[in-house]
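What follows is one structure encoded as structure tokens, with my remarks underneath.
The basis for the numbers below is simple: all heavy atoms, side chains too, and nothing from hydrogens, waters or symmetry mates. Numbers restart at 1 for each chain; the letters A, B, ... are given by sequence-line order, proteins then strands.
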Protein chains: 2
Amino acid sequence: MSITETSNLGPRDSIKPDVLAIDLRTAVMRTSRRLRVEATGDVITPGQYTVLAQLNANGPQTLRTLAEREHVQAPSMTRIVNALTEQGFVTRTAHPNDGRQVQVGITLAGKAVLEEAREQRTAWLAQRVAGLSDDDRKILSRAAHIMQEMAGK
Amino acid sequence: MSITETSNLGPRDSIKPDVLAIDLRTAVMRTSRRLRVEATGDVITPGQYTVLAQLNANGPQTLRTLAEREHVQAPSMTRIVNALTEQGFVTRTAHPNDGRQVQVGITLAGKAVLEEAREQRTAWLAQRVAGLSDDDRKILSRAAHIMQEMAGK
DNA sequence: TATTGTTATACTCTATAACTATA
DNA sequence: TATAGTTATAGAGTATAACAATA
């Protein structure tokens with residue numbers, strides 16, 4: 001029996017947003033918590049990880065832009081970027097025209113450690129997902145896309 | 001067009017656990033982050049919230065049991081329970097037979113604040129969910145159950 | 001001796017405020 | 001004056017180690 005069938009919803013029932021919100025919130029928070037706990041042995045912190053991913057996906061950015069995108073204050077981003085710089089995962093280069101700005105970019109070592117961290121962080125989930133039925137995997141795949149869209153770019 | 005149709009997977013494709021794991025992890029972490037950020041104005045901290053929810057769902061428990069279930073160390077749980085006790089949201093009672101143990105239980109005020117926090121924390125998500133198609137809501141509902149099962153009770 | 005819980009202490013991450021340098 | 005970034009400092013939250021009380 002598929003896990004999805006534990007749902008008490010028939011195909012014709014309309015789903016109340018309030019009820020779904022509570023269910024989904026619980027599921028998301030619980031899963032994210034496990035993902036955080038199971039991601040042991042990482043060489044970089046969660047904050048460093050998301051900054052590397054951001055730089056990898058969107059190219060070099062100023063410190064301020066990074067802070068805004070990560071929703072942290074400037075001093076916090078200074079700290080994160082300093083740590084990444086010391087480890088050789090990002091470089092800081094002065095802006096050609098504006099001497100106040102600093103461009104932060106990911107290095108090859110940074111890309112490598114990002115990939116490594118991504119695998120470590122995904123290993124636990126991949127194992128769990130492998131134990132599901134194909135139907136359940138399809139549902140999760142679609143749900144992932146819906147959630148991505150819903151949570152905003 | 002439904003958001004689910006942005007998925008590039010046909011009905012007959014088998015879904016690779018590794019690929020799904022990366023998609024799902026990204027979606028879950030991004031959503032949980034938004035949920036955390038959007039849950040402003042809470043009267044209790046996230047740690048306090050989960051402890052109250054735990055006590056509400058499973059009844060009075062010892063400090064050690066709570067620490068294990070929340071995956072934190074004993075001193076951290078002492079701190080959380082102290083804060084909840086000072087606010088009047090839990091009570092501490094001595095174990096009748098074993099003088100070492102402390103039973104922690106939720107109060108009526110604790111139940112009230114839990115319900116209030118739950119609504120605050122779910123409001124943002126409920127609004128987002130309300131803007132989806134009914135099909136998408138069905139998928140999310142099933143996905144929530146699958147994730148709950150997958151992340152362990 | 002083993003177990004439950006507390007206290008002491010330190011570390012990480014984040015924030016606000018004050019400061020420097022550049023525009 | 002305004003903006004980009006850094007430094008100083010403080011406040012959560014968590015951890016380990018040492019301790020007290022009980023079994």
Problem - Residue pair A:Asp18 / B:Ala126: nearest heavy atoms and the distance that separates them - result: OD1-CB, 3.8 Å
Problem - Between CE on residue B:Met77 and OG1 on residue B:Thr65, distance to nearest 0.5 Å - result: 10.0 Å
Handout entry: Donor-acceptor contact below 3.5 Å, side chain B:Arg137 vs main chain B:Leu132
Key = yes
Practice task
Would you check if the side chain of A:Gln101 reaches a backbone N or O of A:Gly99 as a donor-acceptor pair within less than 3.5 Å?
Solution key: no
Handout entry: Inter-residue atom distance A:Asn56.CG - A:Ile106.CD1, 0.5 Å rounding
Key = 4.5 Å
Problem - Footprint string (nucleotides 13-23 of chain D, 5' to 3'): B base within contact, S backbone only, - free, heavy atoms under 4.0 Å - result: BBBBB----BS
Problem - Contact interval (first through last nucleotide) of DNA chain C with protein chain A, 4.0 Å heavy-atom - result: C:dC13 to C:dA23
Exercise for the section: Would you kindly say whether B:Glu70 and B:Thr50 are connected by a side-chain donor-acceptor distance under 3.5 Å? Expected result: yes
Exercise for the section: Mind listing the closest non-hydrogen atom pair of A:Gln54 and A:Gln61 along with its distance? Expected result: O-NE2, 3.4 Å
